[in-house]
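Working notes for the structure below.
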Amino acid sequence: MDALNGRNVALLVLCLCAGYALVFAEGEKEIPVTKFGQNIAPTMTFLYCYSCGYRKAFEDYVGLLGEKYPQIQVHGGNYDPPGLNYYLSKMIFALKIIIIVSVVSAVSPFTFLGLNTPSWWGHLQANKIYACMMIFFLGNMLESQLISSGAFEITLNDVPVWSKLQTGRFPSPEVLFQIIDNHLQFTEKVQENPDFVK
């Protein structure tokens with residue numbers, strides 16, 4: 001009877017881990033208010049593919065924009081892939097955690113399902129450290145493939161001004177400066193830094 005209670009507790013812990021993994025990143029997304037016509041400093045937002053390694057490019061653009069347009073507020077964040085890929089990556093994350101917890105706790109999920117335990121599960125139980133590392137790295141590889149979007153999207157005051165998904169390339173600094181100048185030409189509050197070297 002104690003073994004049955006232990007298994008019920010283990011199953012409950014597995015279910016809670018899976019539920020937490022699927023829900024922890026889900027939050028309400030607010031629709032931002034546009035800043036045209038308000039007396040707020042212009043805001044430039046970069047949404048980039050973090051798993052593609054575009055954070056360095058974002059930091060380079062922040063430095064350039066800070067030199068030329070010190071009044072512009074620059075924000076950056078990860079570009080969540082649209083569609084099913086985001087949810088598939090969350091499901092793989094939850095499955096990865098469930099399998100690792102099952103291997104470490106020596107609980108066979110097959111017995112809960114009323115199935116015979118396969119021989120490969122016994123191999124996982126015999127080599128727990130190796131099995132957990134392989135599950136972890138394989139799961140991370142699948143997750144990163146699903147969420148790699150190649151995105152580098154730029155908005156100015158919530159208006160899209162550049163999309164790497166559409167153009168296939170990063171904007172050169174001169175092109176980005178021209179886009180900013182064109183969008184803000186009627187605004188008096190943003191002026192170029194006179195000390196900026198072209």
Side-chain angles (χ1 to χ4, degrees), residues 10-11 13-32 44-64 74-110 112-113 115 117-156 158 160-173 175-176:
L11 181 62
V13 168
L14 290 176
C15 290
L16 289 175
C17 287
Y20 177 74
L22 290 174
V23 175
F24 81 96
E26 297 296 320
E28 290 187 29
K29 294 185 179 181
E30 296 180 14
I31 298 173
M44 183 162 269
T45 305
F46 289 79
L47 295 177
Y48 53 90
C49 177
Y50 188 81
S51 64
C52 297
Y54 293 163
R55 182 172 177 82
K56 175 71 173 123
F58 162 68
E59 291 169 354
D60 292 343
Y61 280 109
V62 168
L64 288 171
V74 180
H75 303 285
N78 188 36
Y79 180 85
D80 291 330
L84 200 56
N85 287 358
Y86 180 73
Y87 296 107
L88 283 174
S89 71
K90 291 296 173 193
M91 287 175 50
I92 288 174
F93 175 76
L95 185 63
K96 174 180 72 174
I97 297 299
I98 288 171
I99 292 172
I100 289 174
V101 169
S102 295
V103 168
V104 169
S105 64
V107 174
S108 174
F110 302 101
F112 289 114
L113 300 173
L115 301 172
T117 303
S119 61
W120 58 267
W121 186 260
H123 179 69
L124 292 179
Q125 293 295 318
N127 303 301
K128 289 183 182 189
I129 294 175
Y130 175 74
C132 289
M133 286 176 47
M134 289 308 294
I135 292 166
F136 180 77
F137 290 124
L138 215 76
N140 282 351
M141 182 186 69
L142 290 173
E143 288 175 59
S144 66
Q145 286 297 318
L146 285 171
I147 62 173
S148 278
S149 60
F152 197 81
E153 311 301 295
I154 305 172
T155 60
L156 180 62
D158 301 323
V161 295
W162 189 269
S163 172
K164 184 179 177 291
L165 295 176
Q166 292 177 353
T167 61
R169 62 183 181 87
F170 291 97
S172 66
V175 170
L176 187 59

Closest non-hydrogen atom pair, [X] against [Y]:
X	Y	result
Phe46	Leu176	CZ-CD2, 4.5 Å
Tyr79	Cys49	CB-N, 4.4 Å
Lys164	Glu153	N-OE2, 3.4 Å
Ser108	Thr117	OG-OG1, 3.4 Å
Leu124	Ala131	CD2-CB, 3.4 Å
Gln125	Ala106	OE1-CA, 3.2 Å

(request) Applying side chain to side chain donor-acceptor pair (under 3.5 Å), run through Tyr50 and Arg55 and close with a yes or a no. (result) CA-CA 6 Å; Tyr50 188 81; Arg55 182 172 177 82; 5.1 Å; no
(message) Quick check against the 3.5 Å criterion: does Ser148 have a side-chain atom that pairs as donor or acceptor with the backbone of Gln145?
(response) no
(message) Taking side chain to side chain donor-acceptor pair (under 3.5 Å) as the definition, give me every residue that meets it alongside Thr167, ordered by chain and number, with sequence neighbours left out.
(response) none
(message) Contact between Pro81 and Leu146 at the side-chain level, heavy atoms closer than 4.5 Å - yes or no?
(response) no
(request) State, yes or no, whether a side-chain contact exists between Ile154 and Tyr61 at a heavy-atom distance under 4.5 Å. (result) no
(request) Name the orientation class of the two ring planes belonging to Phe170 and Phe152 (parallel below 30°, tilted from 30 to 60°, perpendicular beyond 60°). (result) perpendicular
